Trainee: 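This is the structure, below, for whatever I ask next.
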There are 2 protein chains.
Amino acid sequence: MARVSIHNRQDSLERALHLFWQKGFHATSLKDLEKALDMRPGSIYATFGSKDGLFQEALERYARLGLAELDRTFQAYESPLAGLAAYLRALGGICDKELPSRACMLVKSLLELGERERIARDKAEALLAGMEARFVDRFAEAKKVGELDSRLDPVLLGRRLQAEIMGLRAFAQRDVDSAAVHALAEDMAQSLEALRADEVAEIV
Amino acid sequence: MARVSIHNRQDSLERALHLFWQKGFHATSLKDLEKALDMRPGSIYATFGSKDGLFQEALERYARLGLAELDRTFQAYESPLAGLAAYLRALGGICDKELPSRACMLVKSLLELGERERIARDKAEALLAGMEARFVDRFAEAKKVGELDSRLDPVLLGRRLQAEIMGLRAFAQRDVDSAAVHALAEDMAQSLEALRADEVAEIV
DNA sequence: GGTGGACTTGAATGAACGCTCAATATAGAG
DNA sequence: CTCTATATTGAGCGTTCATTCAAGTCCACC
C-alpha cells in the first residue's frame, strides 16, 4: 500500500513513559520527547494526537505493567498475606534498581496535575483505585481462607496498604540510603504478617 | 526617606504559598502570582528575586507553619504517643478543611522538582528531614518515659509514621469521601497507640 | 517503473514563559 | 516646596512552549 512506519509504537510509548515518569508532565517538553523518541513533532502528533494523549497512554502502560508485576508476585505465593508481604519487601529494594523515579508515577501525577489536565488526573485516580482494589481483593481472599481475622475490614486494610506503599515510595524518593528503605519496608511487611489470624488472636 | 511599600511581605508570601501549594511549582505562572499578590512583575522581582526564590521562601513558610502546628498538638498532650496519635486523627479531618491541597506541599515538591530546581528540591528534602526528626524525637521521648518498649527503634518508628502521613495525605488527595480518610487515619492512630509498652508486652 | 498513499519531516505558528529596566509615583528630609 | 531615595509600573525582551501543515520520502502494488 504505502510507506511502512520506522517506529515501533510500543517502544516509543516505553521511552515516553520513562521520560514522563522521571520528570513529570509539566517538566517534560516536546523537545525532550522528540529527542527520546527520535521522532519529529509531526510524527509524534500523528501517532499520539497530543502531549496529553501521549501522557495518558504512558499512564495506562505504567499501570498495566505495575499490575502485572503485582499479580506475578501474588501468584508466586499461595498465601495472600505472604504475597502482600513479599510485594512490600520487593519494594524495599527499589533504591537498588535503576528506575526513572522511585516514586509511583500515579501518585506523582495525582499530586502534580490540576484542573487543566483533568482527564489525565482522573485517569491516574482511576488507575490508583484499580490498584487499591487489587489489594482489597487479596485481603478479602486472606479473610476467606482464614488467614485474616473475620473482624478486620479488607477495604480498610487495602487502603492502608496502598497508603503505606505511597509513603514508602515517597520516602525512597528522598536522598536516603538503601538500607533505610529496606528497613522501612521490612517493618511494614512485618506489620502486615502480624495480621495473621493466629497472631491476632493473642491481642484481641 | 522615600516611598513606603504598600505590600506586606508576609501577606504576599502567604498568598504565593497558597498558589504554589495548590498548583505546584511548574503550573504556577508569574501571571498567576501577579494576580494573586496584586503586584506587577517588577515588584515581585524586587521583593523576592525570582520565581525560584519566592517558591523557596514559600516552602520554608509552609514547613514553619506545619512544624508549629505539630508542636502545638504535642504540647496539648503530656503523653508523647497520645500526641502523635492526636496529630494523626487531626489529619483525618483534612478533607473537611478548606486547604489549597490536601497533599503535603513538601512531598508534592519532592516529587515534582527535578535537577533544574535542585536548590528548592534540596530544601524540600531538608524540611522533610526536619519533620521526620520531630517525630523521631517524640518516639524517643515516649521510650524515655516508658511508654514505648525499649526494643523498638525511634528512628524507624519516626520514619514509618512520616511515611504513613505521606500516604494518608496522598490518599486524601484522591477524590474519596471524608469518612474514608477519617477511617484510615483512625486505623493508623490505633496502630500507633498499640505500641504502648503495656500492650506490646502481650504480643512479644 | 510508474503511481498512489501512508509516513515523516521541520520550518513556522501564536501564545505563554520568566524576567528586565527605563519611566513614573510617592513619601519623608531639608 | 524641592529634592532625594525608594517602590511601583508595565511594555517589551528573548526564549520556549505545544501544535500545525505543506512538502518530501519511501514502499507496495499494478
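The model shown is predicted, which means the values in this text are computed figures rather than measured ones. In what follows, chains carry the letters A, B, and so on, assigned in the order in which the sequence lines appear, proteins first and then strands, with residues in each chain numbered from 1.
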Trainee: Would you call B/Glu117-B/Lys51 a salt bridge at under 4.0 Å N-O?
Mentor: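 Not counted as a salt bridge, because no side-chain N and carboxylate O are separated by less than 4.0 Å.
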
Trainee: Do B/Glu60 and B/Gln56 have a side chain donor and acceptor closer than 3.5 Å?
Mentor: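 Checked: B/Glu60/B/Gln56 side chains show no N/O donor-acceptor pair below 3.5 Å.
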
Trainee: Grab the CZ-C1' distance between A/Phe48 and D/dT20 for me, whole Å please.
Mentor: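 A/Phe48 atom CZ is separated from D/dT20 atom C1' by 18 Å.
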
Trainee: Does A/Arg138 qualify as a cation-pi partner of A/Phe74, given the criterion of NZ or CZ under 6.0 Å from the six-membered ring centre and within 45 degrees of its axis?
Mentor: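 Satisfied, under 6.0 Å and within 45°.
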
Trainee: Quick check: any donor-acceptor pair below 3.5 Å linking the side-chain of B/Arg3 to the base of C/dA25?
Mentor: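 In this structure, the two groups form a donor-acceptor pair.
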
Trainee: May I have the distance from A/Leu54 (atom CG) to D/dT19 (atom C1'), rounded to whole angstrom?
Mentor: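 In whole Å, D/dT19 C1' and A/Leu54 CG are 14 Å from each other.
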
Trainee: How is B/Ile44 classified with respect to the nucleic acid when contacts are heavy atoms under 4.0 Å: base, sugar-phosphate, or nothing?
Mentor: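 Touches nothing.
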
Trainee: If you check every side-chain atom of B/Ala2, which of D/dT8, D/dA5, C/dT8 has the closest atom?
Mentor: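 It is D/dA5.
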
Trainee: Tell me whether the guanidinium CZ or amine NZ of B/Lys108 lies under 6.0 angstrom from the six-membered ring centre of B/Phe25 and within 45° of its axis.
Mentor: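 Verdict for B/Phe25: no cation-pi partner in B/Lys108.
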
Trainee: In sequence, state the C-alpha distance, the side-chain angles, and the governing distance for A/Glu112 and B/His26, and then conclude on side chain to side chain donor-acceptor pair (under 3.5 Å).
Mentor: CA-CA 9 Å; A/Glu112 179 189 357; B/His26 288 116; 5.2 Å; no

Trainee: When we call it a touch if two heavy atoms are under 4.0 Å apart, what does A/Ser5 touch: a base, just sugar-phosphate, or nothing?
Mentor: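 Sugar-phosphate only.
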
Trainee: Would you say A/His7 places a side-chain N or O within less than 4.0 Å of OP1 or OP2 belonging to C/dC7?
Mentor: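 Result: no.
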
Trainee: In whole angstroms, how far is the P atom of C/dA15 from the CZ atom of A/Arg116?
Mentor: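 Rounded to the whole Å, the gap is 15 Å.
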
Trainee: Among residues 17-42 of chain A, which ones have heavy-atom contacts with DNA chain C below 4.0 Å?
Mentor: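 Heavy-atom cutoff 4.0 Å gives A/Arg40, A/Pro41, A/Gly42.
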
Trainee: Any luck finding a side-chain donor-acceptor pair between A/Gln190 and A/Glu186 under 3.5 Å?
Mentor: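 A donor-acceptor contact under 3.5 Å links the two side chains.
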
Trainee: Is the phosphate of D/dT20, meaning OP1 or OP2, less than 4.0 Å from a side-chain N or O of A/Tyr45?
Mentor: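 False: A/Tyr45 side-chain N/O out of range (4.0 Å or more) of D/dT20 OP1/OP2.
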
Trainee: Under 4.0 Å between a side-chain N or O of B/Ser43 and OP1 or OP2 of D/dA7?
Mentor: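 For D/dA7, OP1/OP2 do not have a side-chain N/O of B/Ser43 under 4.0 Å.
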
